[in-house]
Undergrad: 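Okay, handing you the structure first.
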Protein chains: 2
Amino acid sequence: MAGTVVNLRNAVEPARCIDISKLDFSNCPVRDVMQQINGKWSTLLIECLSQKPYRFGELKRMVPDISQRMLTQTLRDLQRDGYVDREVFPTKPPSVEYRLTDLGRSLYAPLAELLNWAEANHDAVRAARTRFDEAAG
Amino acid sequence: MAGTVVNLRNAVEPARCIDISKLDFSNCPVRDVMQQINGKWSTLLIECLSQKPYRFGELKRMVPDISQRMLTQTLRDLQRDGYVDREVFPTKPPSVEYRLTDLGRSLYAPLAELLNWAEANHDAVRAARTRFDEAAG
DNA sequence: CAGAATCCACTGAGATACTG
DNA sequence: CAGTATCTCAGTGGATTCTG
């Protein structure tokens, strides 16, 4: 953990003769922060919660192909990183509401831009895939 | 494949009684486009190539913990989606250069904003993690 | 040098069943 | 309703070896 600090955004020049086991990537936000955001379900759930708070079951229905297990786990991870707040209402049966925190909303700004890009360029990407697959056979 | 079209960005209201197997997520850019960008190594490599073209071995040294296999595969996937161009120089031994395409550079604009956010809020995320872990025990 | 091919380990993630 | 607890498996990805 206490090895050379590697922050891809600072030093991207190819270095030689590095002992990988002594590298410390924890100061690289591209790895440490993005890894969670990059999770299979994270973006989907943040996108859902960007509208308004939702309950567990509602989120499950909004992302119907997520398993209960992964929903629980992803929400907890998002909560751990400070993007999501979890509020338990002592009703019977219990209900739990999830909402974006200030940090989560702040994250959503640039994230939404990226999603807008993805939406706007979806066709271009599909076209590129077709071209590539046809060229390759 | 020909089931209900699900685009999370259009209809995010929780729906009931859906047969998952009949859903078609291929029109949802949050899934179809982001899935590749979200890959473990994709962002790292795009960030590298945002500076200038690099060769295979250089990229390997810039991301020292990537395996040759994953480097090859991720670059091919990025090329397939149209983000990266691959140019082979008929030298001996051969050298291959990778560079961002116009589409790739266009993607890098919003992506870089997200990476900037990650960098700027890295400490906030780490603090949130500490808080969460201490609260949980 | 830039891969392709093979083998293998780990873990991400689904299915199911149970609980407060 | 909103989880937790197992069990299990498929796919991701690493290490190694081989080639133009």
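Throughout, protein chains are lettered first and strands after them, A, B, ... in sequence-line order, and every chain is numbered starting at 1.
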Undergrad: With a 4.5 Å limit on heavy-atom distance, are the side chains of A:L75 and A:W41 in contact?
TA: no
Undergrad: Please report the shortest heavy-atom distance between A:L45 and A:T74, naming the atom on each side.
TA: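 Minimum heavy-atom contact is CD1-CG2, 3.7 Å.
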Undergrad: Any side-chain heavy-atom pair from B:N121 and A:V33 closer than 4.5 angstrom?
TA: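 No, side chains not in contact.
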Undergrad: Quick one: side chain to side chain donor-acceptor pair (under 3.5 Å) partners of A:Q36, sequence neighbours excluded?
TA: A:S42
Undergrad: What is the distance from CG of A:L45 to P of C:dA13, rounded to the nearest Å?
TA: 12 Å
Undergrad: In whole angstrom, give the distance that lies between atom CZ of B:F56 and atom C1' of C:dA2.
TA: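 Value for this atom pair: 6 Å.
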Undergrad: Between the protein and nucleotides 14-18 of chain C, are there any N/O to N/O pairs under 3.5 Å, and if so, what are the atom names and distances?
TA:
unit_1: C:dG14; atom_1: OP2; unit_2: A:S67; atom_2: OG; d: 3.0
unit_1: C:dG14; atom_1: O6; unit_2: A:R69; atom_2: NE; d: 3.2

Undergrad: Just report the end-to-end axis angle for the helix from C:dC1-D:dG20 to C:dG20-D:dC1, five pairs per end, to 10 degrees.
TA: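 The end-segment axes of the helix from C:dC1-D:dG20 to C:dG20-D:dC1 are tilted 50° relative to each other.
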Undergrad: Does B:Y54 have B:K52 sitting over its ring (NZ/CZ under 6.0 Å from centre, angle to axis within 45°)?
TA: yes
Undergrad: Give the residues of residues 72-100 of chain A touching DNA chain D, defined as any heavy atom closer than 4.0 Å, sorted by residue number.
TA: A:T72, A:R76, A:R86, A:P93, A:P94, A:S95, A:V96, A:Y98
Undergrad: Just how far, in rounded Å, is C1' of D:dT4 from CG of A:L71?
TA: 14 Å
Undergrad: What residues form a side chain to side chain donor-acceptor pair (under 3.5 Å) with B:R105, not counting sequence neighbours?
TA: B:D102
Undergrad: Under a 4.5 Å side-chain heavy-atom rule over Ile, Leu, Val, Met, Phe, Trp and Tyr, are B:F89 and B:L59 clustered together?
TA: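 No, B:F89 and B:L59 fall in different hydrophobic clusters.
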Undergrad: Distance check needed: D:dT12 C1' versus B:Q36 CD, whole Å only.
TA: 13 Å
Undergrad: Is the shortest distance from a Lys or Arg side-chain nitrogen in A:R126 or A:D123 to a carboxylate oxygen in the other one below 4.0 Å?
TA: yes
Undergrad: Checking the side chain of B:T43 only, and the main-chain atoms of B:N38 only, is there a donor and an acceptor separated by less than 3.5 Å?
TA: no
Undergrad: How close or far is atom P of D:dA2 from atom NZ of A:K60, stated in whole angstroms?
TA: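 From A:K60 NZ to D:dA2 P: 12 Å.
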Undergrad: Are any non-hydrogen side-chain atoms of A:R99 and A:V84 less than 4.5 angstrom apart?
TA: no
Undergrad: Can you name the residues that form a salt bridge (charged side-chain N to carboxylate O under 4.0 Å, His left out) with A:R55, not counting sequence neighbours?
TA: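 If we apply the salt bridge (charged side-chain N to carboxylate O under 4.0 Å, His left out) test to A:R55, skipping adjacent residues, there are no hits.
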